[in-house]
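In what follows, a structure is listed as structure tokens, so that the remarks can point back to it.
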Amino acid sequence: MSLSRNRGTLGDRIKRRVIVTSALPYINGMPHLGNLVGSMLPADIYSRYLQMAGVEHIFICGSDQHGTPIELSAIRNGIDTEKFADSMHERTKNALLNMECDFTYYGKTHTEQNKRVVYRIFEALDRNGYISEEEVMQAYCLLDMRFIPDRMIEGICPYCGSAHARGDQCDDCGRLLDPQEIVGPKCSICGKSEIEFRKTKNLAIELPMLSENIKDFIRSIEQNVSKNALNKTTSYVDAGLKSRQITRDLKWGFKVPKKGFEDKVFYVWFDAVIGYIGITMEWNEALGEEYWTDTNTELVQFMGKDNIEFHTVIWPAILEGSSIGYIKPTRIMVYEYLISGKIKFSKSRGVGLNIENALDVMGAEYWRFVLSYLLPETSDMDFSVELIFEVVNKIMNDKIGNLVNRAFTISSKNRALLSGNSLREITGRKIREKLGIYRNDFENVRMREALKQIVELADLGNEIMSVEKPWELAKAEDAEGFSKVMNDVLHICRCIGIMLWPYTPNASTYILRHFGIDGKPQIDELQKSMEFLPDDDIKPIFSKIGEREKNMLSGFG
RNA sequence: AGCGAGGUAGGGCAGCCAGGAGUACCCGCCGGGCUCAUAACCCGGAGAUCGGUGGUUCAAAUCCACCCCUCGCUACCA
């Protein structure tokens, strides 16, 4: 009956304190499903697990609001940049909340709190001698009267003659370019060619001075990062670190508090990574300081693979170089990409399946389940309409949803026969086994595998019902036999209800309500014996998707 | 080009680090069963030269070398 036997370590863990972060979405456009699957969703699921396991933690994310693309979008829309950034922040935040992301706090980077942390860290880096000045040639548009980032210079590729070369790279031949090589350079803001190259001075962080620290850091977490991330980091560091600029000639952003650089702002990536701390401070200064400076705090960061070096090299270098005592990451979770020939994800072009219009196709729980089931932990995931249908209809609905429905229905209809809360030893052992693997998977941050344990539990429930035919026992009015079988199945359903909470919280809540569990469940509650509460209005927890969804998804091709 | 990751039945994904017969798993397919449940569920079966070649070994999907294919990154997009 008790499920406690092989799990009594909760007491040891209760003292853990964890900061979970998701990469901050850049809000020039609505985050798409690839952004969600690579950072916010796994971070949310992990954070919900910690919540269930009773681990003290915070889950921090927020909007990355600075940078040229946002400033330009605001200009194009004729809106004040800050207003634009804030409105995109609100939209993104709402969409993420609609995706059932259960943040402790979802903030943004353009805040006084973040500015304070950025200044504090910058000044410490400067004081410690890690900031240098670099002079570079930068394109300047005489009409817009501003510097233009390399990427926003367009023109003809000097190598292949393509008319679509950009200042940093030619998309057609793939060659890396110097913006001064571009033939007929045009400013992509005004579209004119009134460009000249001017010298400008920017500040940089001297990563080479910190390379030993960085190497030590990487060694310290090598057990806690994926193979891909570790290898990329190693090759990046082994290739020899270079200084990296942290300021830009822009208006939008935090002004640089240093003589001679007052007309420049911090480069967006710099205040974005620091934003993890800044957003925590926006949430709660006192607790934030406590979390970020307690050397026992675990810092578990989730991101897509495009963000690796920022988190494994540059961010720890900033933290180390500032010597303020902020903790460094203890675990870095990197996800690969969702790729699809048919469904498009493109934030920069503003088309395709983003998290806002994905919710028009089907509910958050469906996306959360599908994306978790297909979580690209080790390799890119080919994400097809057929695969979405398979997972939703066959796995989520037929196996799990249908099991709960058939078990609840037959139990409610035959409530007079149902008594006690017995659990046969064989079933109890199987449940404990699955639960043990589930917990172990979560401790190792393998959410896709953990979800499979739930599916396998549903298989077990379905098998028990098919083999033992409780409907026949009900007809024979064999109360003892019926209770024996159905209590096993109901225990399985309750267990599924709890295990499902990180993935599909609403379905979980519905299931658990039938066992008298309200609110956020604790994994501990599996030890308690709770009886099924019959209900004359049993509803399926999931339903199938069909033509409507297929057409809508195809529409994003 | 360099670096990284992946290539395992029709599709999807484990296994590889610590070598021991490909009975993993999911979908699909074929055959049977069941009728509590959402045309759902259960049982059985077919289906793989483990990308290729060579090497190490008593033994290789697993270790080593080279090659082929796919994807990603390469520092001013964030």
Side-chain angles (χ1 to χ4, degrees), chain A residues 23-28 64 66-70 136 138-139 147-153 166-169 174-176 178-179 202 207 226-236 238-239 241-245 248-249 267-269 272-273 304-310 313-314 334 336-337 339 347-348 373-374 376-384 386-387 389-391 393-395 397-399 401-414 448-449 452 455-456 458-459 461-475 486 489 538-544:
Chain A
L24 308 187
Y26 193 67
I27 52 158
N28 188 34
D64 181 5
H66 291 145
T68 315
I70 286 173
V136 287
Q138 179 82 38
F147 284 99
I148 310 297
D150 292 355
R151 208 179 168 75
M152 309 222 120
I153 303 296
R166 288 178 305 184
D168 56 343
Q169 186 173 23
R175 246 187 122 124
L176 299 179
D178 188 303
N202 273 297
L207 296 177
S226 69
K227 192 160 77 169
N228 188 9
L230 187 63
N231 286 335
K232 278 182 88 160
T233 302
T234 308
S235 67
Y236 185 86
D238 288 348
L241 292 169
K242 297 178 193 165
S243 62
R244 189 155 182 139
Q245 290 181 26
R248 298 278 83 181
D249 289 285
Y267 200 165
V268 52
W269 65 260
V273 289
K305 65 175 160 183
D306 53 332
N307 244 321
I308 294 173
E309 292 89 343
F310 274 105
V313 177
I314 299 169
V334 174
E336 307 286 316
Y337 288 155
I339 51 174
K347 196 156 67 172
S348 56
Y373 196 81
L374 302 174
E377 286 173 340
T378 51
S379 62
D380 291 341
M381 165 61 59
D382 193 0
F383 192 61
S384 65
E386 291 74 21
L387 212 44
F389 269 67
E390 175 187 326
V391 175
N393 288 348
K394 305 302 296 185
I395 312 293
N397 182 73
D398 290 353
K399 279 180 188 285
N402 183 52
L403 171 70
V404 172
N405 190 239
R406 69 196 291 210
F408 279 14
T409 304
I410 195 171
S411 299
S412 292
K413 283 181 184 165
N414 298 285
R448 189 176 63 183
E449 286 307 306
K452 293 202 167 122
V455 178
E456 286 179 23
D459 286 339
N462 279 316
E463 183 192 331
I464 290 173
M465 286 195 69
S466 286
V467 172
E468 309 208 41
K469 301 181 172 45
W471 52 91
E472 286 182 1
L473 300 169
K475 268 176 208 152
M486 284 319 298
V489 177
I538 299 296
K539 293 189 194 87
I541 54 174
F542 305 124
S543 58
K544 291 199 189 216

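Letters A, B, ... are given to chains in the order of the sequence lines, protein chains preceding strands, and every chain is numbered from 1. All values derive from a computational prediction rather than experimental measurement.
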Separation of the C1' atoms in B/rA39 and B/rC50, to the nearest angstrom | 37 Å
Quick one: A/K469 NZ to B/rC43 P, roughly how many Å, whole number?
-> 11 Å
Could you tell me whether A/E390 contacts a base, only the sugar-phosphate backbone, or nothing, with contacts defined as non-hydrogen atoms closer than 4.0 Å?
-> base
What integer number of Å spans the C1' atoms of B/rU35 and B/rC30?
-> 23 Å
What are the two closest non-hydrogen atoms of A/Y26 and A/H66, and how far apart are they?
-> OH-O, 2.5 Å
Separation of A/I314 CD1 from A/E309 CD (nearest 0.5 Å) = 7.5 Å
On a whole-Å scale, what distance lies between the P atoms belonging to B/rG32 and B/rG20?
-> 40 Å
Does a side-chain N or O from A/Y373 land closer than 4.0 Å to OP1 or OP2 of B/rG12, or not?
-> no
In whole angstrom, give me the gap between the C1' atoms of B/rG47 and B/rU74.
-> 43 Å
Between A/K399 and A/Q245, name the one whose nearest nucleotide on RNA chain B is closer to the 5' end.
-> A/K399
Scan A/N414 against the nucleic acid and name what it touches under 4.0 Å (heavy atoms): base, sugar-phosphate only, or nothing.
-> nothing
Return the value, rounded to whole Å, for the distance between atom CD1 of A/I464 and atom C1' of B/rC34.
-> 16 Å
Can you name the nearest heavy-atom pair linking A/T409 to A/N405, along with the distance?
-> OG1-O, 2.6 Å
When the C1' atoms of B/rA61 and B/rG52 are considered, how many whole Å apart are they?
-> 14 Å
For A/E472, which contact category applies under a 4.0 Å heavy-atom criterion: base, sugar-phosphate, or nothing?
-> sugar-phosphate
Given RNA chain B, 5'-ward residue of the pair A/L387 and A/K394, judged by closest heavy atom | A/L387
Spacing of the P atoms in B/rC77 and B/rC16 (rounded, Å) = 39 Å
Would you say a side-chain N or O of A/K305 is under 4.0 Å from OP1 or OP2 of B/rC71?
-> no
Are there any protein N/O atoms within less than 3.5 Å of an N/O atom in nucleotides 36-38 of chain B, and if so, which ones and at what distance?
| unit_1 | atom_1 | unit_2 | atom_2 | d |
| --- | --- | --- | --- | --- |
| B/rC36 | OP1 | A/K475 | NZ | 3.4 |
| B/rC36 | O2 | A/R406 | NE | 3.2 |
| B/rC36 | N3 | A/R406 | NE | 3.3 |
| B/rC36 | N3 | A/R406 | NH2 | 2.5 |
| B/rC36 | N4 | A/R406 | NH2 | 2.9 |
| B/rA37 | OP1 | A/K413 | NZ | 3.0 |
| B/rA37 | O3' | A/N405 | OD1 | 3.2 |
| B/rA37 | O2' | A/N402 | OD1 | 2.6 |
| B/rA37 | O2' | A/N405 | OD1 | 3.2 |
| B/rA37 | N1 | A/R406 | NH2 | 3.4 |
| B/rA37 | N3 | A/N402 | ND2 | 3.3 |
| B/rA37 | N3 | A/R406 | NE | 3.0 |
| B/rU38 | O2 | A/N397 | OD1 | 3.3 |
| B/rU38 | O2 | A/N397 | ND2 | 3.0 |
| B/rU38 | N3 | A/N397 | OD1 | 2.6 |
| B/rU38 | N3 | A/F542 | O | 3.0 |
| B/rU38 | O4 | A/F542 | O | 2.7 |

So which heavy atom on A/K544 is nearest to which on A/N397, and how close?
-> CG-ND2, 3.3 Å
Please report, rounded to the nearest Å, how far the P atom of B/rC34 is from the CG atom of A/L403.
-> 21 Å
Residue pair A/W269 / A/R244: nearest heavy atoms and the distance that separates them | CZ2-CG, 3.8 Å
What's the verdict on side-chain contact (heavy atoms from CB on, under 4.5 Å) for A/K242 and A/L207, showing C-alpha distance, side-chain angles and the deciding distance?
-> CA-CA 6 Å; A/K242 297 178 193 165; A/L207 296 177; over 6 Å; no
List RNA chain B stems (3 or more consecutive Watson-Crick/G-U pairs, under 3.5 Å)?
-> B:1-7 with B:68-74, B:10-12 with B:25-27, B:29-33 with B:41-45, B:51-55 with B:63-67
Mind calculating the distance between CG (A/L241) and P (B/rU74) to the nearest angstrom?
-> 16 Å
Check A/Q138 against A/P149 and note the closest heavy-atom contact, atom names and distance.
-> NE2-CA, 3.6 Å
A/E463 side chain, from C-beta outward: closest of B/rC13, B/rC42, B/rA78 | B/rC42
Residue pair A/N414, A/M486: steps toward the side-chain contact (heavy atoms from CB on, under 4.5 Å) verdict = CA-CA 10 Å; A/N414 298 285; A/M486 284 319 298; over 6 Å; no
Could you tell me whether A/S411 contacts a base, only the sugar-phosphate backbone, or nothing, with contacts defined as non-hydrogen atoms closer than 4.0 Å?
-> nothing
Can you tell me, in whole Å, how much space there is between the P of B/rA18 and that of B/rU62?
-> 14 Å
Which value, in whole Å, describes the distance between the P atoms of nucleotides B/rC66 and B/rG28?
-> 43 Å
Specify the separation, in whole Å, of atom CD1 of A/I395 and atom C1' of B/rC41.
-> 14 Å
Using the side-chain contact (heavy atoms from CB on, under 4.5 Å) rule, take A/R406 and A/W471 through it: C-alpha gap first, then chi angles, then the decisive distance, then the call.
-> CA-CA 11 Å; A/R406 69 196 291 210; A/W471 52 91; 4.2 Å; yes
Are A/T68 and A/V268 close enough, and set up right, to give a side-chain contact (heavy atoms from CB on, under 4.5 Å), and what steps lead you there?
-> CA-CA 8 Å; A/T68 315; A/V268 52; over 6 Å; no
Minimal heavy-atom distance between A/V455 and A/K399, with the atoms involved, is CG1-CD, 3.5 Å
To the nearest Å, give me how far apart CG (A/D306) and P (B/rC76) are.
-> 15 Å
Between B/rC13 atom C1' and A/E336 atom CD, what is the distance in whole Å?
-> 14 Å
Touch class at under 4.0 angstrom, heavy-atom based, for A/R448 against every strand present | sugar-phosphate
To the nearest Å, give me how far apart CD1 (A/I314) and P (B/rA75) are.
-> 12 Å
Which part of the nucleic acid, if any, lies within reach of A/V136 when heavy atoms closer than 4.0 Å are counted: base, sugar-phosphate only, or nothing?
-> base
